[in-house]
Amino acid sequence: MTVHQSLPTAGEAATAPARPRWWVIRGELPRAAIWGLAVAGLSLPLLLWWVCTALGLTNPLFMPGPEAVLARVGRWWSEEGLLADIGISVWRVMGGFGASALLALPLGLYIGTYRPVQAFLEPLTDFIRYMPAVAFIPLIMLWVGIDEGSKILIIFIGTFFQMVLMVAEDVRRVPMAQIEAAQTMGASRSEIVKLVILPSSRPALLDTLRITCGWAWTYLVVAELVAANSGLGYAILKAQRYMHTDKIFAGILLIGIIGLLTDQAFRWLGRAAFPWLKR
C-alpha cells in the first residue's frame, strides 16, 4: 500500500514557527543561544579544574584550587597593589601596541597599494618577523636601557612586523573593480587611496588591530623580564621563584580577563563603526 504524505501549503509554511538551524555553515543563532554557549565554553574548564582539585587528583603546590587562587587575588588587591600592577601592565601593552599601529598602518597601506614598495619592503619584513622578540632583549637593554622604553619596545617588536603584513594583505583584498571604476571616473592616486581603498579596507583593518592587540598581551611577561619591579608579568615571574603557584594562576587569569575585555571592546567598536556588516 502506498502512503501519500501531503506537503504543507504555502499558508501553513508561512505560519509555521521558524526554528534556529544550528549546524549551518556560517548560520545565525539567537542571542540567548550565543550567550549560553559562550558561558558554557568559559565555565567548563573552570569546572574541570575545580573537580580535579576538590577530589585531590592534583598536588595543591603545583595546581591550587580556584578558591585558593581567588583568595590570592583578594590579598593581592588589598595588600600587594594589584591595581597598580594592572595599570602599569596596561600602559606597557597599549604603549607598544599603539606605537606599532601608528607606524604599521601607513606602511602596510603603501605595501598593499604600490607594487614597488611591496617588492622593496615585504621581503625584509618577512625576514624580521620570524626573529623571536626574546632574542632582542640583550640588544634592547644595551640600546635603550632598562627603563619603560625597553619594555614598550619589546612589545612593539613582537607586534609591528606581523601587523605590517596583515595590513598590507587587508589592503590587497580591496576589489580591483572598485579601483578601476574610480580610475574610469578620473580619480587621482591619492583620491583612490583616500576614497576607495581606505573605506573599503577599514573593517578588515580593525579586525587586524584586534588580533594584534591580543599578540601584544602575550608579550607582556617577556617585556617585564627586563628589570621590572611592577606589573602582572613581573608578579608572575616573582611568584615562580618562591613557588607561589596560586599567584601565578591569578596573574595568568587576570591577563586573560583583561585581554578578553580588550577584544570585546574592539568587537563593540566594529559593530558601532560598521553596522552594515554581518557579524
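In what follows, every heavy atom counts, from backbone to side chain, and hydrogens, waters and symmetry copies are set aside. Starting from 1, each residue takes its place in the sequence as its number. Keep in mind that what you see is a predicted model, and the values were worked out from it rather than measured.
- A donor-acceptor distance shorter than 3.5 angstrom exists from the side chain of T212 to the backbone of L209, with no hydrogens or angles considered.
- The structure places CZ of R129 at 12.5 Å from CG of L124, a figure rounded to the nearest 0.5 Å.
- For Q264, the CD atom counts as densely surrounded, since its 6.0 Å shell holds more than 12 non-hydrogen atoms of other residues, nucleotides or ligands.
- Put simply, L70 and L47 are part of two different groups of oily side chains (I, L, V, M, F, W, Y) that touch within less than 4.5 Å, one to the next.
- The number of heavy-atom neighbours closer than 6.0 Å to CZ of F120, taken from other residues, nucleotides and ligands shown, is 12 or below.
- Note on M94 and L83: same hydrophobic cluster, where clusters join Ile, Leu, Val, Met, Phe, Trp and Tyr whose side-chain heavy atoms are under 4.5 Å apart, directly or indirectly.
- Between W217 and V90, the closest heavy-atom pair is CH2-CG2, 3.8 Å.
- No side-chain donor-acceptor contact under 3.5 Å links S150 to the backbone of V144.
- A distance of 10.5 Å separates CG in L102 from CE in M163, rounded to the nearest 0.5 Å.
- With hydrophobic clusters built from ILVMFWY side chains whose heavy atoms lie under 4.5 angstrom apart, I155 shares a cluster with V134.
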Note to self: Apply side chain to side chain contact (heavy atoms under 4.5 Å, CB included) to residues L46 and W49 and explain how you reach the verdict.
What the structure shows: CA-CA 5 Å; L46 296 177; W49 176 25; 3.8 Å; yes
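- Under the 4.5 Å side-chain heavy-atom criterion for grouping Ile, Leu, Val, Met, Phe, Trp and Tyr, V196 is connected to Y114 within one hydrophobic cluster.
- With hydrogens and angles disregarded, no donor-acceptor distance shorter than 3.5 Å links the side chain of S100 to the backbone of G96.
- Minimum heavy-atom separation, Y219 to G158: CE1-O, 3.3 Å.
- Counting all heavy atoms, side chain and backbone alike, I248 lies closest to I236 at CG1-O, 3.9 Å.
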Next item on the list: Output, in order, the C-alpha distance, side-chain angles, deciding distance and verdict of side chain to side chain contact (heavy atoms under 4.5 Å, CB included) for F161 and V164.
Entry: CA-CA 5 Å; F161 299 100; V164 167; 5.7 Å; no
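- A 6.0 Å sphere centred on CG of L269 holds more than 12 heavy atoms belonging to other residues, nucleotides or ligands.
- Note: K238 NZ to K247 NZ = 6.0 Å, rounded to the nearest 0.5 Å.
- With rounding to the nearest 0.5 angstrom, the CG atom of L121 is 11.5 Å from the CG atom of D126.
- In the hydrophobic clustering of ILVMFWY residues, with side-chain heavy atoms under 4.5 Å counting as a link, F156 and I211 come out apart.
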Next item on the list: Evaluate the side chain to side chain contact (heavy atoms under 4.5 Å, CB included) criterion for residues W143 and L153: first the C-alpha distance (whole Å), next the side-chain angles of each, then the deciding distance (0.1 Å), finally the verdict.
Entry: CA-CA 11 Å; W143 293 343; L153 184 57; 5.8 Å; no
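- Considering CD1 of I157 and CD1 of I128, their distance stands at 9.5 Å, rounded to 0.5 Å.
- In the model, S89 has a side-chain atom that pairs as donor or acceptor with a side-chain atom of E224 under 3.5 Å.
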Next item on the list: Carefully, step by step, assess L109 and L198 under the rule side chain to side chain contact (heavy atoms under 4.5 Å, CB included).
Entry: CA-CA 8 Å; L109 175 64; L198 272 178; 4.3 Å; yes
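- A salt bridge links R72 to E80: one of the charged nitrogens lies within less than 4.0 Å of a carboxylate oxygen.
- Looking at D246 and F249, their side chains never come closer than 4.5 Å, going by heavy atoms from C-beta outward.
- In this structure, CG in L107 is found 10.5 Å from CD in E122, a value given to the nearest 0.5 Å.
- When all heavy atoms are compared, the tightest approach of A216 to F97 is CB-CB, 4.1 Å.
- At least one side-chain heavy atom of W91 sits under 4.5 Å from a side-chain heavy atom of I88.
- Side-chain atoms of R189 and V193, non-hydrogen and from C-beta on, never get closer than 4.5 Å to each other.
- Put simply, the side chain of W76 reaches to within 4.5 Å of the side chain of L232, judged on heavy atoms.
- Nearest heavy atom pair, residue A187 against residue I192, reads CB-CG1, 3.8 Å.
- Under the 4.0 Å criterion applied to side-chain N and carboxylate O atoms, E148 and R92 are assigned as salt-bridge partners.
- Looking at every heavy atom in both residues, V174 comes nearest to S201 through CG2-CB, 4.0 Å.
- Not one N or O on the side chain of T113 forms a donor-acceptor pair closer than 3.5 Å with the backbone of Y110.
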Tell me which donor-acceptor pairs under 3.5 Å the side chains of residues 250-261 have, and how far apart each pair is, sequence neighbours excluded?
none

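- For N59 (side chain) and L61 (main-chain N/O), a donor-acceptor pair under 3.5 Å exists by modelled atom type.
- Put simply, the side chain of L206 does not reach to within 4.5 Å of the side chain of R210, judged on heavy atoms.
- Using a 4.5 Å cut-off on side-chain heavy atoms (C-beta onward), V222 and F136 make no contact.
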